[in-house]
**Student:** 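This is the structure, below, for whatever I ask next.
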Amino acid sequence: YALTMFRDADEIPVGRLVDVWRQDTVSGVPVVVRVQRLQRGTTQLVDSTVTDQRTLAPRVRRSLQQNRRVLLEFTGARVKGSLAPLDAPPVPLDTTLRVAPFDAGNWELLLRALPLEKEFAARFPVYDLDGGLREYRVHVTGRTAVQGEECHVLILTLARNRESVVWVSVATGQVVQIETMLGETTMLRQVRVR
């Protein structure tokens, strides 16, 4: 994916996101392993997840970000792990939520499993390291062609006053494009590169 920021009348290339998915098994359970690498200038961020393929329940998330390392292990409503600045010992994390969440970083897996048709709407709980337990909402508003491919158009609400418009391929379920307003005059666009 190519990431571009639009601020006022300026178009600013931000970086590239390489998103790799593969199927595997862990202790005989089929899982989806996903690795995302975000390249911004000389900085590279890496995020990897393991998700139960049958239920989409998160298992593990590892992240190496610009200023911290993250390890999360999910067991139903319990989230354990550690959070560490790059230059300090890790801080343990162990919390039990009121419901078993999905991983906030893997909302695209949920989209692939939902019956996306016009006016379809759904809510689902997610765990976000920075925000804790949240509710994401999705609402399909219609269809249009993007990159020559018929796509569902949907609104993904991540938080109050924070929405993204997402175009999802009707044929493959793959996200083709995402637009997120970051401020009144700033938008981030993520576009699939073939």
Side-chain angles (χ1 to χ4, degrees), residues 1-6 11-25 29-40 45-59 61 63 74 99-128 131 134-182 186-194:
Y1 293 89
L3 282 73
T4 307
M5 187 174 304
F6 297 86
E11 185 174 326
I12 307 159
V14 176
R16 293 180 77 76
L17 175 69
V18 177
D19 194 1
V20 178
W21 308 60
R22 69 179 169 83
Q23 295 180 353
D24 204 344
T25 56
V29 175
V31 296
V32 175
V33 179
R34 180 181 191 194
V35 178
Q36 293 182 302
R37 294 179 193 281
L38 174 63
Q39 188 73 43
R40 285 192 323 211
L45 311 174
V46 180
D47 193 60
S48 63
T49 59
V50 177
T51 304
D52 187 310
Q53 187 176 339
R54 302 163 305 172
T55 64
L56 302 182
R59 293 286 196 87
R61 179 178 199 156
S63 189
F74 296 84
V99 296
F102 294 101
D103 184 346
N106 267 344
W107 56 265
E108 292 166 67
L109 275 175
L110 294 173
L111 289 186
R112 289 178 182 228
L114 295 173
L116 301 179
E117 289 300 330
K118 188 171 169 103
E119 298 307 321
F120 173 82
R123 299 170 180 227
F124 47 91
V126 297
Y127 181 77
D128 179 316
R134 293 180 179 228
E135 180 181 81
Y136 282 6
R137 291 178 300 188
V138 62
H139 177 231
V140 179
T141 61
R143 284 188 183 190
T144 193
V146 177
Q147 296 184 0
E149 197 168 343
E150 187 70 11
C151 291
H152 297 288
V153 181
L154 55 96
I155 304 297
L156 176 67
T157 303
L158 306 171
R160 190 172 181 203
N161 298 323
R162 184 153 177 243
E163 295 180 338
S164 295
V165 180
V166 183
W167 289 262
V168 178
S169 168
V170 172
T172 66
Q174 183 180 30
V175 171
V176 176
Q177 182 172 299
I178 304 171
E179 291 181 352
T180 305
M181 292 303 295
L182 302 177
T186 306
M187 179 187 71
L188 178 64
R189 178 179 290 154
Q190 178 178 316
V191 178
R192 180 184 64 188
V193 177
R194 292 183 177 190

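Remember, it's a predicted structure, so these values are computed and weren't measured experimentally.
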**Student:** How far does CD1 of Ile12 sit from CG of Leu188, to the nearest 0.5 angstrom?
**Tutor:**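 So the CD1 of Ile12 and the CG of Leu188 are separated by 10.5 Å.
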**Student:** If you compare all heavy atoms of Leu111 against all heavy atoms of Leu116, which two are closest, and at what distance to 0.1 Å?
**Tutor:**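 Looking at all heavy atoms of both residues, the shortest contact is O-CD1, 3.8 Å.
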**Student:** Is there side-chain contact between Val140 and Glu117, with at least one heavy-atom pair below 4.5 Å?
**Tutor:**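 The answer is no; the side chains never approach within 4.5 Å.
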**Student:** For Tyr127 and Phe74, indicate whether the former's side chain and the latter's backbone hold a donor-acceptor pair under 3.5 Å.
**Tutor:**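 It does not hold such a pair.
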**Student:** Establish, from distance only, whether the side-chain atoms of Asn106 and Thr49 form a donor-acceptor pair under 3.5 Å.
**Tutor:**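 Yes.
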**Student:** In Å, rounded to the nearest 0.5 Å, how long is the span from OH of Tyr1 to CZ of Arg16?
**Tutor:**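 Atom-to-atom, Tyr1:OH and Arg16:CZ are 12.0 Å apart.
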**Student:** Quick one: does Ile155's side chain get under 4.5 Å of Thr157's, heavy atoms only?
**Tutor:**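 The answer is yes, as the side chains (C-beta and beyond) meet within the 4.5 Å cut-off.
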**Student:** Counting C-beta onward and ignoring hydrogens, is there a side-chain heavy-atom pair between Gln36 and Leu38 closer than 4.5 Å?
**Tutor:**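 Of all side-chain heavy-atom pairs linking Leu38 with Gln36, none is under 4.5 Å.
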**Student:** Applying the side-chain hydrogen bond (donor to acceptor under 3.5 Å, both in side chains) test to Gln174, which of Arg112, Arg192, Glu108 qualifies?
**Tutor:**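 In the set Arg112, Arg192, Glu108, the residue that makes a side-chain hydrogen bond (donor to acceptor under 3.5 Å, both in side chains) with Gln174 is Arg192.
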**Student:** Can you tell me how far CZ of Phe124 sits from CG of Leu114, rounded to the nearest 0.5 angstrom?
**Tutor:**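 So the gap between those two atoms works out to 7.0 Å.
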**Student:** In plain terms, say whether Glu135 and Arg160 are close enough for a salt bridge, that is, a side-chain N and a carboxylate O under 4.0 Å apart.
**Tutor:**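 No salt bridge links Glu135 with Arg160.
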**Student:** Which pair of non-hydrogen atoms, one from Thr25 and one from Pro30, has the smallest distance, and what is that distance?
**Tutor:**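 Between these two residues, the closest heavy atoms are CG2-CA, 4.1 Å.
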**Student:** Supply the atom-to-atom distance Leu156 CG to Ile178 CD1, rounded to the nearest 0.5 angstrom.
**Tutor:**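 Leu156 CG to Ile178 CD1: 8.0 Å, rounded to 0.5 Å.
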**Student:** Whether the side chain of Arg34 engages the backbone of Gly105 through a donor-acceptor N/O pair (distance < 3.5 Å, no angle test) should be reported.
**Tutor:**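 Flag set: sc Arg34 to bb Gly105 pair under 3.5 Å.
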**Student:** Can you name the nearest heavy-atom pair linking His139 to Ala121, along with the distance?
**Tutor:**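 Where His139 meets Ala121 most closely, the heavy atoms are CD2-CB, 4.0 Å.
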**Student:** Would you say Thr141's side chain and Val153's backbone share a donor-acceptor pair under 3.5 angstrom?
**Tutor:**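 Side chain of Thr141 to backbone of Val153: a pair is present.
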**Student:** Rounded to the nearest 0.5 Å, what separates atom OG1 in Thr51 from atom CZ in Arg59?
**Tutor:**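 Interatomic distance, Thr51 OG1 to Arg59 CZ, rounded to 0.5 Å: 9.5 Å.
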**Student:** Sequence neighbours left out, what passes salt bridge (charged side-chain N to carboxylate O under 4.0 Å, His left out) with Glu163? Give chain and number order.
**Tutor:**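 Residues passing salt bridge (charged side-chain N to carboxylate O under 4.0 Å, His left out) with Glu163: none at all.
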**Student:** For Ser169, which residues count as a side-chain contact (heavy atoms from CB on, under 4.5 Å) partner, sequence neighbours excluded?
**Tutor:**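 Ser169 satisfies side-chain contact (heavy atoms from CB on, under 4.5 Å) with Glu149, Ala171, Thr172, Val176 once adjacent residues are dropped.
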